[in-house]
Amino acid sequence: MHPTLFLKDDIYEVWHKLDSKFKQPEACIKVNLTPQNYRLNVAETAYMHAFEYIIGHHYSKKLAQPGKVGLDVGLFADEKFITFSFDGYNDKMLSVVELALTEFKVAINDMNGEQFHYHMKEYKKSLQNCSLNAGYFGNDELCHILQNCYHTGYELVRTIDELSFEGLKQIIEELFKHLKVQILAQGNITKEQTEKVVEIFKSNFKCEAVDEVNKNNFNYPHKYFN
């Protein structure tokens, strides 16, 4: 049985599948946020990687305790969307979702130039090391050919030195004003609990819907939740 759509409005699209077979005390929640006009150029892609690193570093300090009891929280940003992922034991899942979004806002408020330049330096070093690997280089070029919106490591390295912390702040300031939010909850988690996840996101992201043109960019979860 596939996940079923049980809530859809101008901003939220929510899918759910209850585990009725294995009945393990575990759940998985993925949330895709797609901002208005989210088709990133090379510089914006690099900025989003910096943002991902900064939030991830903050999470590694502030969410270490949930990790010790089997709960994993992640934030990923690429050319398609920004994704939150929550995996692990279900008994504290809602509390961890709420904590993660609270700390997400704290991390944004606490961002500074020193963090930005450190993570950009590490990101550039990582890309340069990867480019020396023939397998990575081949896959990078293949993705560049096959995907409509993809930027190679070489392109990203060339633009990193031109980026600024002020540029990142400007992007983040506009990023969450208009959103499409897709949520998939599956495992040992009920529809009622999934509705609470939606309420947690609504309380943390005061946003408006994307416009009609951008709505055409969205589809069902089999395409996005992978």
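For the numbers below, each heavy atom of this structure counts, side chains included, while hydrogens, waters and symmetry mates do not.
A salt bridge is absent between Asp10 and Lys180: the closest approach of a Lys/Arg side-chain nitrogen to an acidic carboxylate oxygen does not fall below 4.0 angstrom. Between Glu174 and Lys177 there is a salt bridge, since at least one side-chain N of the basic residue sits less than 4.0 Å from a carboxylate O of the acidic one. Remark: Arg158 does not engage Glu155 in a salt bridge, criterion side-chain N to carboxylate O under 4.0 Å.
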Checklist entry - Does the pair Leu168 and Ser164 meet the rule for a side chain to side chain contact (heavy atoms under 4.5 Å, CB included), with working shown? => result CA-CA 7 Å; Leu168 175 61; Ser164 68; over 6 Å; no
Item to check | Full working for ring-ring contact (aromatic ring centres under 6.0 Å, His included) between Phe84 and Phe76 | outcome: CA-CA 7 Å; Phe84 285 94; Phe76 312 95; 9.4 Å; no
Item to check | Derivation and outcome, side-chain hydrogen bond (donor to acceptor under 3.5 Å, both in side chains), residues Asp19 and Gln24 | outcome: CA-CA 8 Å; Asp19 171 23; Gln24 295 297 307; over 6 Å; no
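Contact annotation: the side chain of Glu44 approaches that of Ile171 to within less than 4.5 Å [non-hydrogen atoms, C-beta and beyond]. Here the side chains of Ile11 and Cys207 are in contact, with some heavy-atom distance below 4.5 Å. The side-chain heavy atoms of Leu33 and Leu175, taken from C-beta on, include no pair separated by under 4.5 Å. You'll find the side chain of Val42 reaches within 4.5 Å of the side chain of Leu156, heavy atoms only. Taking the side chain as every heavy atom from C-beta outward, Asp87 and Val73 never approach each other to under 4.5 Å. Taking the side chain as every heavy atom from C-beta outward, Leu163 and Tyr47 approach each other to under 4.5 Å. Inter-residue side-chain proximity for Leu179 and Thr34 is flagged as unmet; no heavy-atom pair is nearer than 4.5 Å. Looking only at side-chain heavy atoms (C-beta outward), Val31 and Ile29 come within less than 4.5 Å of each other.
Scanning both residues, Gln186 and Pro3, for their nearest heavy atoms gives OE1-CG, 4.4 Å. Closest non-hydrogen pair, Pro35 versus Val210, comes out as C-CG1, 4.3 Å. Nearest heavy-atom pair across Gln193 and Leu94 is O-CD2, 3.6 Å. The two atoms that bring Pro25 and Asn188 nearest to each other are CA-ND2, 4.0 Å, heavy atoms only. Closest heavy-atom contact between Thr159 and Ala46: CG2-CB, 4.3 Å. Here the shortest heavy-atom pairing between Lys30 and Ser85 reads CG-CB, 4.4 Å.
Not a single donor-acceptor pair under 3.5 Å links the side chain of Gln170 to the backbone N or O of Gly167. His2 contributes no side-chain N or O that, together with a main-chain N or O of Lys17, makes up a donor-acceptor pair within less than 3.5 Å. Gln36 contributes a side-chain N or O that, together with a main-chain N or O of Asp211, makes up a donor-acceptor pair within less than 3.5 Å. Using modelled atom types, one side-chain atom of Glu52 and one backbone atom of Ala77 make a donor-acceptor pair closer than 3.5 Å. Looking only at distances, a side-chain donor or acceptor of His151 sits under 3.5 Å from a matching main-chain atom of Leu40.
In this structure, CE in Met111 is found 5.5 Å from CD1 in Ile172, a value given to the nearest 0.5 Å. Note that NZ of Lys121 is 11.5 Å distant from CG of Asp161, once rounded to the nearest 0.5 Å. With rounding to the nearest 0.5 angstrom, the CD atom of Glu199 is 12.0 Å from the OG1 atom of Thr194. For the atom pair Leu101 CG and Leu75 CG, the distance stands at 10.0 Å (nearest 0.5 Å). Taking CE from Met120 and CD1 from Ile160, the interatomic distance works out to 5.0 Å, rounded to the nearest 0.5 Å. The NZ atom of Lys124 sits 12.0 Å away from the CG atom of Asn129 when rounded to the nearest 0.5 Å.
Cluster membership for Trp15 and Leu18, using ILVMFWY side-chain heavy atoms within less than 4.5 angstrom, is not shared. Linking ILVMFWY side-chain heavy atoms closer than 4.5 Å, directly or via other members, places Phe6 and Ile183 in a single hydrophobic cluster. Both Leu63 and Ile55 are part of a single hydrophobic cluster, where members link through side-chain heavy atoms under 4.5 Å apart. Following chains of ILVMFWY side-chain contacts shorter than 4.5 Å, one can reach Val197 starting from Met93, so the two form part of one hydrophobic cluster. A single hydrophobic cluster is seen to contain both Val181 and Leu7, as judged by linkage of ILVMFWY side chains at heavy-atom distances under 4.5 Å, directly or through other members.
Counting heavy-atom neighbours within 6.0 Å of Tyr154 OH, excluding the residue itself, gives a total of 12 or less.
Partners of Phe176 by ring-ring contact (aromatic ring centres under 6.0 Å, His included), not counting sequence neighbours, listed by chain and number: Phe104, Phe205. For His119, the side-chain hydrogen bond (donor to acceptor under 3.5 Å, both in side chains) test picks out no residue, with sequence neighbours left out.
Within the structure, side-chain hydrogen bond (donor to acceptor under 3.5 Å, both in side chains) contacts touching residues 88-105 (residues at least two apart or in different chains) are His58-Glu103, Lys105-Asn204.
Note: Tyr38 and Phe81 fail the aromatic proximity criterion, with ring centroids not under 6.0 Å apart.
In this structure, Lys202 satisfies the cation-pi test against Tyr12, with its NZ or CZ atom closer than 6.0 Å to the six-membered ring centre and inside 45 degrees of the ring normal.
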